[in-house]
Structures are given as structure tokens and as C-alpha cells.
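Comments concern the structure below.
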Amino acid sequence: MGHFVPHTDAEIAEMLAFVGLSSLDELFEAVPAALRLAGGLDLAPGLSEPDVAVEMERLADANVAVGRDLVCFAGGGAYDHEIPSVVRRVAYRSEYVTAYTPYQPEVSQGVLQTLFEYQTLIARLTGLPIANASLYDGATACVEAVNLAVAATGNQRVLVSRGVNPQWREVVRTYAVGTGHEIEEIALEDGLTAWSSVSGSAGAVLVQYPNYLGCLEDLAEARRVADATGALLLVAFDPVAAGLVRSPGSYGADVVVGEGQPFGTPLGFGGPYLGLFACKQEHVRRLPGRLVGETVDTEGRRAYVTTLRTREQDIRREKASSNVCTNQTLIAVCCTIQLAWLGTAGLREMALRCARATRYTREAVLAIDGVGPLASAPVLREFAISLPNGMSGETVVERMADEGFLAGIPLGAEYGGGLLIAATERRTRTEIDAYAAALEKVVR
Amino acid sequence: MGHFVPHTDAEIAEMLAFVGLSSLDELFEAVPAALRLAGGLDLAPGLSEPDVAVEMERLADANVAVGRDLVCFAGGGAYDHEIPSVVRRVAYRSEYVTAYTPYQPEVSQGVLQTLFEYQTLIARLTGLPIANASLYDGATACVEAVNLAVAATGNQRVLVSRGVNPQWREVVRTYAVGTGHEIEEIALEDGLTAWSSVSGSAGAVLVQYPNYLGCLEDLAEARRVADATGALLLVAFDPVAAGLVRSPGSYGADVVVGEGQPFGTPLGFGGPYLGLFACKQEHVRRLPGRLVGETVDTEGRRAYVTTLRTREQDIRREKASSNVCTNQTLIAVCCTIQLAWLGTAGLREMALRCARATRYTREAVLAIDGVGPLASAPVLREFAISLPNGMSGETVVERMADEGFLAGIPLGAEYGGGLLIAATERRTRTEIDAYAAALEKVVR
Amino acid sequence: MTDPTTGVKTVSGGRASSAPLMGRDEEPTLFELSVTGRTAASFRTSGLPEWSAEELVPADHLQTEPTPVAEISERDLVAHFTRLTHRQYSVDLGAYPLGSCTMKYNPKLCDEAASLAGLANIHPAAPPSLTQGWLELLVELEDILCSITGMKAATLQPPAGAAGELTGLLLMRAWHAAQGRQRTKVIIPDSAHGTNPASVTLGGYQTVTVPSDERGLVDVAALRERLDDDVAGIMLTNPNTLGLFEEDIVEIAGAVHEVGGLLYYDGANLNAILGITRPGDMGFDIVHMNLHKTFAVPHGGGGPGAGPVAVSPRLAEYLPGPMPIRHDDGTYGWMTPARSIGRVHGWHGNGLALARAYSYILANGGDGLKRVAEAAVLNATWLRHRLRGTYDIPYDRPNMHEFVAAATNLKKAKGIKALDVAKRLLEEGFHAPTVYFPLIVDEALMIEPTETESPQTLVALAEALERIAADTGESAKAAPRTSPVGRVDEARAARQLIPTFDARPVTSTGDEAADTMESPAARF
Amino acid sequence: MTDPTTGVKTVSGGRASSAPLMGRDEEPTLFELSVTGRTAASFRTSGLPEWSAEELVPADHLQTEPTPVAEISERDLVAHFTRLTHRQYSVDLGAYPLGSCTMKYNPKLCDEAASLAGLANIHPAAPPSLTQGWLELLVELEDILCSITGMKAATLQPPAGAAGELTGLLLMRAWHAAQGRQRTKVIIPDSAHGTNPASVTLGGYQTVTVPSDERGLVDVAALRERLDDDVAGIMLTNPNTLGLFEEDIVEIAGAVHEVGGLLYYDGANLNAILGITRPGDMGFDIVHMNLHKTFAVPHGGGGPGAGPVAVSPRLAEYLPGPMPIRHDDGTYGWMTPARSIGRVHGWHGNGLALARAYSYILANGGDGLKRVAEAAVLNATWLRHRLRGTYDIPYDRPNMHEFVAAATNLKKAKGIKALDVAKRLLEEGFHAPTVYFPLIVDEALMIEPTETESPQTLVALAEALERIAADTGESAKAAPRTSPVGRVDEARAARQLIPTFDARPVTSTGDEAADTMESPAARF
Ligand SMILES: Cc1ncc(COP(=O)(O)O)c(C=O)c1O
Ligand SMILES: Cc1ncc(COP(=O)(O)O)c(C=O)c1O
């Protein structure tokens, strides 16, 4: 039990004496007797470090893991990208891991400068001038974007493309109950948002690029529609795409959000991931979360500090731009190091390799009898297929697991079923050929 | 190729221009043309980081690993002890890993103080006042001890107990060819050194405690024999035993050496390990390797520095006490952290648990029909058995591997064959019961 | 450092002058270290056709210029970030007595647990047949958290405390709606953390503040005045942010429940009561936990954390889904509660953070967790007694895991403000306490030593605080003098916003900034 | 830090005042942090009978008092060693231009390779059937090292360069003995590293020194004078320790071979010639390599390294055994050469260090290794050109991967010695070069930038060295002023030896040392 409390019995006795008590129980006299847990917690006694390791390994071994057991073709917001050794070795240095929010900038320049670099990188990738120091994940970043847009426009009508990740849309809907926003969805046509169906005024238009089915949306059209409705244009952006395509900022997006997991974060059963958030200068006072700025110290040395703090909950309380306090700094550190490792050329190479693997996989898969494309629009790292004979995506995934593949993500009814397949820069021709062969067998 | 050279082509060109050359080849004009490798190295081109990882994992998977595949009952100088997470997480911090020998003490207090603490710990464990900052391994530490003893006594006759690890004895013999020492072995009787067989004068008496067969030698008798022959008493000591038994220093050993692997170093196919070396005060000027001492800086602050450096090869050259330069500092850091983690009570607990597991294993194994003890002397963490029907240790090890065990180490002809079995604090009753059951099956 | 002969600043990835071991220079940014054409990246051999960007991406989507990232060697990259870590305080360097934040030592075994390949390399969309280990872990963790808080069911989705609060408020909303009631207000004490009112707003409620009484506890009479049919509930943390146990909690719960309101427990201070008492027994309906405070998910410089929410039986059917469940046959799967408010996270919550917390709980066990609370309270109590007389203790009564001191008299006597104490403490080798919070205490110093600090560390911390109080005002104002940078100009940061490297004015710091983008390689 | 009110020093595991980020205090030792009764250890549940020590160990062997180690919490342990790492320079913080030591950046991928469970958790006595992966790795590495050096066969056993040297000398001995010859002398240049003569002695030979000529190369005429029938061989490093290529190597080899001697190549400087030329082609018979220099086994604060020895065909049968071999059927096993000198390591060498080097070689490939040599030589050459004029360059001719500068004129002009330059450079954010070596150069500064330092870092280093040369003598003498401790009193360390904490005189540092063993807890 309690290996991590250093106090010896003798010390506890001395400390109690100093404060005029004679037992640890007396420390809790403010707690009404009726509320005191008589028998202590109903939990197993503490385990030694090796025993904990045994138990954690047992649980880990009860999973079927990507890499060890399965070749991963699943994406849908969580991707099997390469993570180089430097990310693990440097981002997990204990100064990064065991620091708190940089409240004392004089001894927190490490985290602050890293976040400043992170903000710069996210601004560059999104094509916008301001990026915050991280949000929880792609889904909640969408919520924050919607809240910003509604606050900025005063219009609670929020138009969300069905091309946005369905789980993210669900999160947006969940939170909208509190804020009272009206969420309306825009249907897809052949994998792309049916912009022509939009009418009326709105506070926000949210579109994903590339979208959930992997397709490259027409952001210029999205911008026009947003303008026509008086809405801000919110783009949920795949940051890997920044290696190949024009930035959402270049199309005039007001806010760009995204999921930062592809840069340096393992699949981890879905978290902790990284919510990316960038916006135009004019929205900076509505920015959710923390912002690091450059300044100087008393001797004129360059220094960094969290700034525009008056937006934040600890100062502005019920009027804050958001309730976010703890964010995902460490994941932002991983992202920064991973991007630095990639560099300008590497980011492009990574995106290019994803696109090649995806093209190759798509061609191989579509060559299978009965498999068809769910959409014809161009894709980058992910694409959707229909399955023969009404076979469900779930069945294919289960069967493919026996063949050593995580085949993809089953698509829901709103997409007409089928399977969402992703291929990252980690996928080799051998793996893809084997995947296609297995799929052919499985759908037969 | 060469991911780790930062220079861009443009930079190379500029640098060449600065030094008045026009090609990289010209840098090597001092190398006679006839010696220039025309086609470059006959090696495969460089691999990317992920490709290297794939290849290294392929090799790793081609081994049958302790923990993952096998329960380990092998010892013989390399033990399967627990390594807590703090050792891995702290000792492998890059400041420890990527530092050089602390030549500039002002910016090397981290390594220096850690070594000072290491020396203190080794001195405490061995019961001697001086310990150096590490040697290569247990075997070469024996060589250094022998060299010191011969230098101190001027007598080249070296008596080595057959209870000393046979591989270590072989190393002592190998090096003795250079120094001209005469190595003579002392036989064992029922697992213990036959001291009565010793006569004449000698420079060194080397005994292992507990010895290779796991038996606790009579160090008081060893001291008497050393005195009678005029030799220094050199004890190769198992540092884990320091948790339970009296130190060799308390018996009057002149030099204590040992293998530090049990404290924080993985099996690693035999290295890098850690040579422990401690001696009496009077031998300090003959001490091989580095020594860290406490001193002060210009402002009177406590500081550490390598000291008595005039023993060392870089200053004393052919008259140095040893040729050791690079040693095993990082492994000494691991050892220090592991010992600090164990603490006084933990070291005792670890030794006690080894002794319990060994007792339990020994009783279970000796209950098997046809299996007998090779020696009757008391043991701590290791013991030797004879096998039925002239079965070889090698056969048992091969067959037991199929049952999921690394059964032990086959004993050579000088011990009459059999198997050397070790049980550390990691072994559980369940594992030992299964081991005994499998052994029973295998030797039947 | 600027070359005196050329006046040009050399930006070098291999110079360590910014590492406090060596000097106190600035550390260049990634972007200044960047040199065109360099890269650290390398890629797996794929054997795939090498289609060009133009073949793969339609022209109207394709970028014309590559996105500028940074161009840096692996060597410079590693050195840069390693030096940055030397410019960063952390629990692993020393004590971090930040009140409300629970900066305890986080066992290394939890780091290793969370990096097991069998946990880290699991896709969140993989079906239950492939994720039985994860599901078991989540179900077990939910059970444990319910057991610790005295609640019925829990969701592990919320990624942090604030997200847990909002989840809780949405649960509150859903419950009231299901009762056919339209409630508009949520009561919070004036000592509450800022996330509470911020979440209340996002939950669609108005914040009504209830004052603290002279004890530092909720003023029950004032509370009763505010209770009416519009009240959806109350949010409390207990112990509260003054570190004091709300002794009238049973009465409070009764009063709130009487008007049909729910009680929300902000679990940021759960560390104080582990194994001692449970929010469920106090009458709370909804509890969020900050696993990153109580259960050793290291804070990571600001996150990630995990903010599970546990609820009483009547709220269980509203929890976000899907929830991990144990089937009757002993296997595990997912289930969405009948009246679920819906997802609050893109996947299942901050999984690897949950795994860390789970391993921490396993290591401590029921007995160890109680010892955590005892030692945390003992440490804070000892320190309050020791500092009494040196600092003001506005509410000098039995505290729990933290207490609030104040620099009111020091400020009066010598002009030493809470902020000055904080900065001077950095020089003494300690992180500063939380300052100016809670808002109801002037010159507040909110001190939470946590249970992992030894009595020796408490003595050293007390001695340091005593030295500071004995100091001159000038000395305190000049602090910190030993850190890589001195006091930072926060006003300037806000006034002249530089949120990215690219936003730097050409001569932002008044000196050599303009040169630094130029590759020094150009000067060979 | 001493409490001014009590005069007693508090030793606290949670105070970070020794971390250069916070202050410049001393870091207490483990032993001062120790408090009776504390521990960090925990043990696996074994289910075994709990026999007592008395039941397990005969009374005459059993200790009466437990061996005192230290008694410390995991929290204090982690903080202590983490703070110590902040008091330590390393390649990952910045450049380390230590001549002869090749302190290059070591790729992180090699760290990961060496920590793979399938390599780390293999018992060295496990039979070949269980260790095919390791054996393959070792066989491949031997082949590669032979290919790089131009030799026939190699042993991977020697754990460091010096061990390799001695192994080589024992091979030399064995070979001469097999020829029925009794040789007594080994020739080494006056510029040789100290391990060379020390190994010669241990190999049972006498060292005969051959002087360098005005070029800084072996004086061939002087060498010829020393060559006779007593000469067993010559040990050379090429490039030599001045960083100069021994241009007459073919002539030297011929002359030594003529008298029946062997040529030993000290591979410490192999980094300079990777893919450019090979010791085997130069005529060497025995070559040791310092994998920790050339192939990125990080130096670990002084080790471990790995010092494989490769030999020409006629020496192959003398190599230490057992050697890993590839059988005809493609499987791997062990073999001991017919006339093996015997083991030189307790097992098979520093296995995990070998694995690191292997992964480094795979990553670089033949092309990459050549680029390593080119960039290493280019960097050193550029820096020599740049520093010419500021520092003396005693042998100002084409250098290889390092060069020797000197502070002779600086010393004359301002009293700035090589040591002062070294200490001042620490303030500038760089580790110092090797000083006073090789011994044949007065006030030597032996500079090896290595190939992983960028041109920008070279500029910064040059600027720093130029600033130092432009400095006053006083400033240089006062250095280093920014490090956690100032210049260290080395003489005192030797005069008043304190090799362990227990050897400290009661008032060793003249101040509060005596108090520090007392547990501060006693003062509550
Ligand atoms: C009292 C209190 N409530 C709520 C929170 C919010 O938790 P989080 O930062 O995880 O969102 C905090 C943490 O800062 C807190 O201290
Ligand atoms: C030229 C030279 N030879 C030999 C050695 C000895 O190598 P090691 O330190 O690995 O024993 C060194 C290393 O310091 C060296 O620089």
C-alpha cells in the first residue's frame, strides 16, 4: 500500500504532535461523523510495482494490437502514422511530463516556448494567424468553433455538413443542448456537401476537409455559402493534408479546427488526442483556451508568457470565451516535435506517401468483385467503399481481423453502409496486396 | 543515407570554398591514392528509421526471450532480477547517456556526484573503504584484482579457486599470458574450495562468494590461507548477497570484485555489465580505473572531481595501474539508482526473497527422482544438481525451453556435469512448481 | 549571443548557452534554427508506385508552395527541445505546492503502464472482439471510481475537469427536462474555481453566487435565500477552495434537494477525502474527478488530464454513450444508456490517461489511497501551523489537503505582495503556490504540499517562506534573479500581441531579431 | 541552504535549489537525503514460504547489521537524480568538441533498438537454439566491421578500446609465439593515447617511443632506427592524434613487416576514414574499433563502449572464442578458433552496445558512413582555417576529423592557458576541447567538431573561441562563472582524499557538513 507517501510512522507521530493531534483520524474532525467511511474504501489492497505491471500487461495482451497483431487500415479520425524515436525520447522527458500549466513564466520557458512554436506551426498549417495552445480533441474543437461563431455572429443556427465525422457531429449536438444552438445538417451528394441545399441565414457553417469519407470538399464554394448565409466558415481540417493541399485559411476560413493525433500521438484507444484551433485575427478575443505570446523580461531578454488571459475562465468566469482549463499541452509538445522532425519537405513527403498508399489501396480494393466506390470525388488518405450482397462493414472487420488486418471502419446507415478505409505512409505494397487479397476472400 | 549529417549541399559548397577546395574528395588528399577506396564501402545503402526498426525487430523476434517466452532459472553471473521503472526512466535520461567522461568537472557534477554515491554504495556493500567508478565486468574486474595483488606483493603466483566462475577464470588466464602471472587452480571438495590443498607462497588468492555453484565459501579460512601464503585475498562477491551475509571486507579481504549486473541491468546477452572493484585504503595508488573524490570549488561549494589521476593511463602511460579508459559509467548509474530504490530494507528483502525462492526451488527439484545435489554446502540464490542417467545439462536446457523455461546453465566436466539453477526474487511459487513439474517430465 | 566583430547573431543548434547549466541566453526558436534543405525525417520503404502530387491531387486543391514547417537536423531538434526542458520546472525537479492543482509525484510505473504496446496501439474504432483488455480496464475503472465517490455509474469520456463539469451540467439539464421542469439557475460559492461559472454558462444556466461566511464555508442562510424553483442545482467542491471541509454539507444537500435541485461535486479536491468520506454519502448527485490531480496522470505542462463523471442512480440512464459494459458471459462490449445525453468526446475519453490512473489506483489500493488523503492533509495542516505568525492565515481552522495563507500584512509592512512571495520562492528552489486565488482572499497564497512531499521538504519550504517574510521588499521585488529569465513583462505580451513567430514585428525585441531568420550559412 | 534562524541545514528531497534553473546550491547526496525507515522498493507477490534469514543462512555467514544503503522515497530519488542530470553537460544539450573522443549526436533510433525486449531480455548462457537473432546480429556486425576495416575476421568481445588494444597485443604475442619467436618491444609514437603504452605493458612488452617529425607524422627514419628483431610490432592510429593522416603508412608498414613485426591500428580515429580508406589496405594486421566513438554508442558519462578487434587472415585463428558463426545450413552457433588466445570478456562482449552500433550502421549504410567521414573532416578543416590567426596551429596542414590548436601565444600575451580557454568556453555554452593532449603539443587544444554539428554551430564555436582570445586574462581565469560550481579544487581532492561519503571528515567542507547526516525530521 501507498508506496508513494514518504512519511515514516515516527515522522507522522512528530508531525501530529506539532499540530496538537494524537491520531491521523483527528485530522478529519471537520468531516461529520455520519459521513465518515467506517471501513475505508471497498477496494483491493495496493499492489507492488511488479504486480501492477503483471496486471497491466495482462490487460494489454487481451487486446489485439495494431503493429503487433494487425495491419491497420482504419482511420476515421485516428490514424496509424509513423512516430519517430525522437518524439518518444524527447517529448516524454519528465520536465514536459510533470510540469503544470506555465503559471510562473520565469521557470516555465520550456513549455511556453514549445507552445509558441506549436502555435506558429498550427498557424502555418491552417493558413490563419492565430492558433491556441491546444484543445482536447477534434470533436470538442468543433464545439468551440461553433461557440465562437455563434458569439461572433449572434446567430444560433449552425449548419453542419454530413461530411463531418459523425462522432464529432454527435458531440456538437450534445453540447448544443446547453448553449441552445440549433444544429442543422447538410446532406452529401456523391460524397460531397450539397451546398445548393443551403438557404437562410446562419451563424456557422462547419465542413470537414478532406471529409469523413476522405473526399476533398470545395472550400471556395463553402466560403461563398457561408458569406451568403452570414455565417463564419469553420473548417475541420486534416493537418496531414497540409503537406499537399491549399490551406483552409487560403480559402478564407474564419476558424480552422482539427485533430492533431496524426502528428506524434499513438492510437491509444482514442485519447489523449489533440484539438487544433486556429482563427482569424479579429476573433482573438473570443479564442478558447490558452494563448502564449512573446514578450521580454526585465533585462530585455526574449521571453514567453500566456497572454490575453482575460478571455479565460479563471479571470472572466461565467463570461469566459470557453470553460477550458486543463488542455492537452503534452500532446501539443509531441505534435511540435513530430512536425519539427518532419520539416517542410517531410510533411509534404508524408502527405504524398499517404496519398500514394491510398490510391494504390483504392485501386486494389475496387478491383474486387462487388466492391464499389461510395463516392467519386478525389481523396487523399481515406476512401469509402460499398460492399457486395449487403454485407455489413462490421462483418468484414471481424473476418478481416482473423486475416491480420484492421480492415477499416464500418459506415453507418446515413452513408448507406460500407467501409471506410485509410492508408497511411506506413503501409507498404506488400501489406496492401495482402489486404486486398484477404478482402477479396472475405467478401466472397 | 546519412540522415544524421546536417549539412546541405549548398553549405558543403560554401565550406569547401572557404577552405579553398572544390570537392569533398580533395579533403582527403593526404591519403595516398593507392589507398583510396574506389567504390566506397561494400555495404548496403542506408535505411530509414522505420526500416531499421523493422530489421531490428526481426532480429529481436528471432530470439526466445526471458519474460516474454521463457521463465528464467539461469544465472551463472547473469541474473533475472526485477528492474523498477525508475531505473529505466531516470538513468536513461539523455544527460547521463550522452555525456563523456567528466573531464570538465564544472559542468559534470551530475555524473561525478552519481559516481561518488556509487562508490560509497559499493564500499558499503563490500565492506571496504575505497571503490572505483566501475570496470567492464566481473571477469575483467578479477583480472585487475590479480594485477593489483601481484604488483603489491611482487609475487606472480596466483591461486584461483575452481569455485570462481569458469568463464572468469578463463579471462584471468587469457590476460595472464601478457603479464606472465602463473595461474594455479584450487580444486573444490563438495562444492567448496579445498583450502587444505594450498601450499607455498603466492601473490594472490582469488575466491568467489557465494561461489559458482552457489555455495557459501569459508572466507575466514580463505583469509588464513592468504596470510599463510603471503598473498592478498581477492574475493569475487555477489553484491546481492550483501543483503544477507557479512561483507568480504569484514573477513579481511584486500580486494573485492564482483559483477554489478544484478542491480538494474538487463540480461542483454551478456553486456554491457558492470565490474565492481573495491579495496583497502593501502592499495589506493594501485587502484585501476577512475576514482571520484569530493572537494570544493573556488567559492567553497562542495564539488566532485576525478582524482588520483596519476594512476591512470593518460598520465602515467606505460606505468599506469591499468589500461582502462572508457569504463561502464552508465551501468554504474543504473546500479546506483537501483540500490537507492531498494534502500537498506529493500536490499535485505531482495536477498531474502532470492534465498527463499532458491530454497523452495532446490527442495522441489531435489524431490525429483534421479536428481541429486552437486554439493551440500549452504546456498543463497543458486545451486547445482546432478542429472539422472548421465543426461547432459544441454539436453535438459533444450527440452525445458519447449516447456517455457530457461532451465539453468549446463555445468562442464570439471564439475562432473549437471545443471546450475538460479532463482531470484522474481520467481513465484507457481512458476517454480511448474518448473519442477516440467523438469520431472523432461528428465524421466 | 552576438558576435562583437560582425554584430550578427549566430543561431546555432549546437550551442547550449540557453541551458541554465551553461548560461542565461535566449533559446532560439525552431524557425531561427531552420536552414533550407535540412530535414530529420525518413520514411519506410513502401514499394509503392511513386505517383507525383499532380497525379494524386486535383490542380485546384494542390498547394503551390509547400507549407513552411521548419528545416532542422535531428541533432539540432533534440538539442533544442532538451535545452527547453532545462528551462522548465517540474515535479520531478522539486516541490510544486500549487494549491488546487495537486502536483504530486507521479510514479514512473504509471508511465510504463500507459506505454504498453497492447494499450497504446489500439484503434478506438476496433470492435469489442479486438479490445477486450481495454474494455475490461474501463469497466473496472468505472467501478472503482464509483466506489471511491459513492456513486452508481460513471462516464470516462470527459477529457478534463471542466469538460466533466459541463457534462455534469448537461446531465442536470437532461434530468430536469425529463421531470418536465424548466430550471434556469445554478448556484456556486464565491470561492469557486473559474471553470464552474464558465461551465454553468455553457450548460445554459445562469450563475448565482452564494457568499462564504466568516468560517470560509458556504453561508447556509444566504444559500437558503437563493433556493427556489428556478434552481437547477448547486456546484460545490468539498473541501472547498480554501481547503476547508463544508461541514454543513448534509444540511446544504437537504435544502437543495428540497427545491428539486441537484448537487454537483467538483472533484478537484478529492485527494483530501479518499477513503475518508464520499460525495455520494454527502448527498451529491453528480461528481467529476480530476484524475490528473488525484490519481497521478501527470499534468504534462497543462494537460492532458481526464475528468470522469460519476452519478447517483437516478442519473445513470442519462450518461454519455457508448459506455463500456461487462456482459453476463464475462465478455465486454459497449452500450448506450436509454436517455443518454450523447457523446462528449470524439472517442472514449483520454484512454491512456485513464490507464495511467488505473495503474496508480492498483498500486495504491484502498489502503494506500486513504494514506494519500491522510498524508496530504497532515502535510497541509503541519505547514499551516508552522507558517502561522509569519503569514496571515485568513481562515485559521482545521484545513484539509491545502490551506490559504495571505501576504496582507507583508504587503502592508514592506510592500511584499503575494506575487513577490511567489517569485522569491522560485529563487529558493521551489515552485510558487497558487496566488490570488480563491478570489475572496486578498493577496492569497494557496498552498497544497501534496502527500508525496516529505516532512523535510515541508521544513525547507517553511524556512524558505520565513526567509522571504524576513526579507526586504526590494529583494522580493527583484526576484527571481536565478532563473533563466527574470520577471516577464506580461502587460507587453497582451498589448503587443505576438502569438506566433511569424507575427513578430521586424524588430520586436529591439535588438537582433531581424537578423535571425537569415541563414547564418550565408555567411561562410 | 542554511536556515538563518536555526543555523541548521535542511536536507530536503523536494527542494530544487541545486537545479541550475533555480539556483546554484549544492545537491545533497543520497545519504543526506536518507531517513530511517523510508523505502521506494516493492516486490512481486511470490506465494513462497516466508522463511526467515536465520532459517536460510548459517549463523556464521549471516550479517548482524543490515548493509546501510540509503533510505529514500521514490519521489526524492527521482528528484535527486533528475536534478543531477541538470548539473550535467551532454551531447543532447550542445556541441562537445572533445578531440579524440568523437562526441557526435547519437540517433535516438539506436536507443530504441537496444531496448527491444527480444534483445535486452536474453540470457547470455542460453543455447544457440534460443538466440538465433542475436547470433545473426553479431555475425553480420563482424562481417560489416571487417568490410569497413578491410580485415578478415573479428572478435566482438572487448568491451572498450583499451580492452581491444590489449586483446590485439595478446594476439600479437600469440602469433609471434606460434612463429617460435620471442619479441620484447612494441613501438608507439610520442603522440599516442595513454592506453597504448599501458596496454603494451599489460601485453608483456616494453614500449619504445618513436618521435614525430616536424610534419607531426611518424619520423620514418627514427622508426627505422628502432626496428630490429626484438620488435613485436607497432601501434598507430591513423589519422594520428594530431588529426593528421600518416602519409608514409605504406612505407612504415613495409618496414615493420620486414623485421617480422605486426602493425596494430588504434581505431579511435576511424570516423575520419570511413569509406575513404581502410586499415587493412594500409597494411595493418590488427585493428580495434571504438564503436562508442565511430558508431554512436553514446558514451554514457564514461562508458559503456565496445572495442571489437578485427585481424588479417593470418591472425584469425588466434581470436578469442567462442565466436558467433553462420553454419552452412544458415543457422547460427558458436565456434572457438583453433589457436584462440581465450576469452577476454565474461560473456560475448557488450551486447546491447553492439546492437546499438549495428542499428547505426544499418541506418547510415555504406553511403552514409562515407558521408560521416567527409562531413567530419570538412568540419574540422573549416574550423582550422577559421581559427588560424586567432590560435596557434602547430601543424597547419590538411587535417582529418580533428586538429590540434594551441594557446601558446595567448599564454605568452595574456596568460590565458589552454585550461582557461576550456573553462571560458563552458561559459559560452560549449563543452571544452580536449586540453594538453597530445602531450607533444604545448597548451594543446584538440578540437573534433564531429559530423553532426552544423556549419552554424561551427560559426558559433569559432566566434566563442575568438571572443575568448580577445578577452582579458582575468576574465578567462575567473571562468566558468555561469556553471553550478566554479573551478574545482583538484589538488585538494587528491591531497585530502574523500572517495566516499563515509570517508568525509566530520567538517570536511568547513561548513555544515556535520549536520547533514542528522535526519531533519528530528527537528519537528
Ligand atoms: C477546483 C477546481 N475545479 C475545476 C478545475 C478544472 O479542472 P480541469 O483543469 O481539469 O479542467 C480545477 C483545475 O484547475 C480546479 O482546481
Ligand atoms: C586514440 C585513442 N586510443 C585509444 C582509446 C581508448 O579507448 P577506450 O576509452 O574505449 O578504452 C582512446 C579513447 O579515449 C583514444 O582516443
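Order of the sequence lines sets the chain letters (A, B, ...), proteins ahead of strands, with each chain counted from 1.
- For the residue pair Ser129(D) / Glu398(B), a side-chain donor-acceptor distance below 3.5 Å is found, with atom types taken as modelled.
- Contact check for His193(D) versus Cys325(B): side-chain heavy atoms found under the 4.5 Å cut-off.
- Contacts between Leu342(B) and chain D at a heavy-atom distance below 4.5 Å involve backbone atoms as well as side-chain atoms.
- Ser199(D) and Asn323(B) share a side-chain donor-acceptor pair at under 3.5 Å.
- Outside the 6.0 Å centre-distance limit, the rings of His345(D) and Tyr136(B) are not counted as a close aromatic pair.
- Only the side chain of Arg68(B) comes within contact range of chain D, with heavy atoms under 4.5 Å apart.
- Using a 4.5 Å cut-off between heavy atoms, Glu299(B) contacts chain D through its side chain alone, with no backbone atom that close.
- No side-chain donor-acceptor contact under 3.5 Å links Thr452(D) to the backbone of Val5(B).
- When the candidates Asp80(B), Val90(B), Val397(B), Thr430(B) are compared by the number of heavy-atom contacts under 4.5 Å with chain D, Val90(B) comes out ahead.
- Looking at Ser94(B), both its backbone and its side chain come within 4.5 Å of chain D, counting heavy atoms on both sides.
- With a 4.5 angstrom heavy-atom cutoff, Leu70(B) touches chain D only via side-chain atoms.
- Contacts between Leu380(B) and chain D at a heavy-atom distance below 4.5 Å involve the side chain alone, from C-beta outward.
- In this structure, the portions of Val31(B) lying under 4.5 Å from any heavy atom of chain D include both its backbone and its side chain.
- Of all heavy-atom pairs spanning Tyr175(B) and Val344(D), the tightest one is OH-O, 3.2 Å.
- Only the side chain of Val57(D) comes within contact range of chain B, with heavy atoms under 4.5 Å apart.
- For Glu49(B), the parts lying under 4.5 angstrom from a heavy atom of chain D are both the backbone and the side chain.
- For the residue pair Thr298(B)/Arg487(D), the side-chain donor-acceptor check at 3.5 Å is not satisfied.
- Using a 4.5 Å cut-off between heavy atoms, Leu169(D) makes no contact with chain B at all.
- In this structure, chain D has a heavy atom under 4.5 Å from the side chain of Ile409(B), while its backbone stays farther away.
- Aromatic ring centres of Phe269(B) and Trp347(D) lie farther apart than the 6.0 Å criterion allows.
- Interface remark: Val284(B) contributes side-chain atoms only to the contact with chain D (heavy atom separation under 4.5 Å).
- Heavy atoms of Pro58(D) lying under 4.5 Å from chain B belong exclusively to its side chain.
- Heavy-atom distances place the side chain of Asn147(B), and not its backbone, under 4.5 Å from chain D.
- Residue Glu165(D) does not touch chain B at all, counting heavy-atom pairs closer than 4.5 Å.
- If you measure heavy-atom distances from Ala53(B) to chain D, you find no contacts under 4.5 Å at all.
- Looking at Leu35(B), the atoms closer than 4.5 Å to chain D (heavy atoms on both sides) sit in the backbone and in the side chain alike.
- With respect to the salt-bridge test (charged N to carboxylate O, under 4.0 angstrom), the residues Arg44(D) and Glu425(B) do not qualify.
- Contacts between Leu116(D) and chain B at a heavy-atom distance below 4.5 Å involve the side chain alone, from C-beta outward.
- The part of Asp137(B) that comes within reach of chain D is its side chain, from C-beta onward, which places non-hydrogen atoms under 4.5 angstrom from that chain.
- Counting only heavy atoms from C-beta outward, the side chains of Val292(B) and Pro499(D) never approach each other to under 4.5 Å.
- Under 4.0 Å is where a charged nitrogen must lie from a carboxylate oxygen, and between Arg343(D) and Glu170(B) at least one such pair does.
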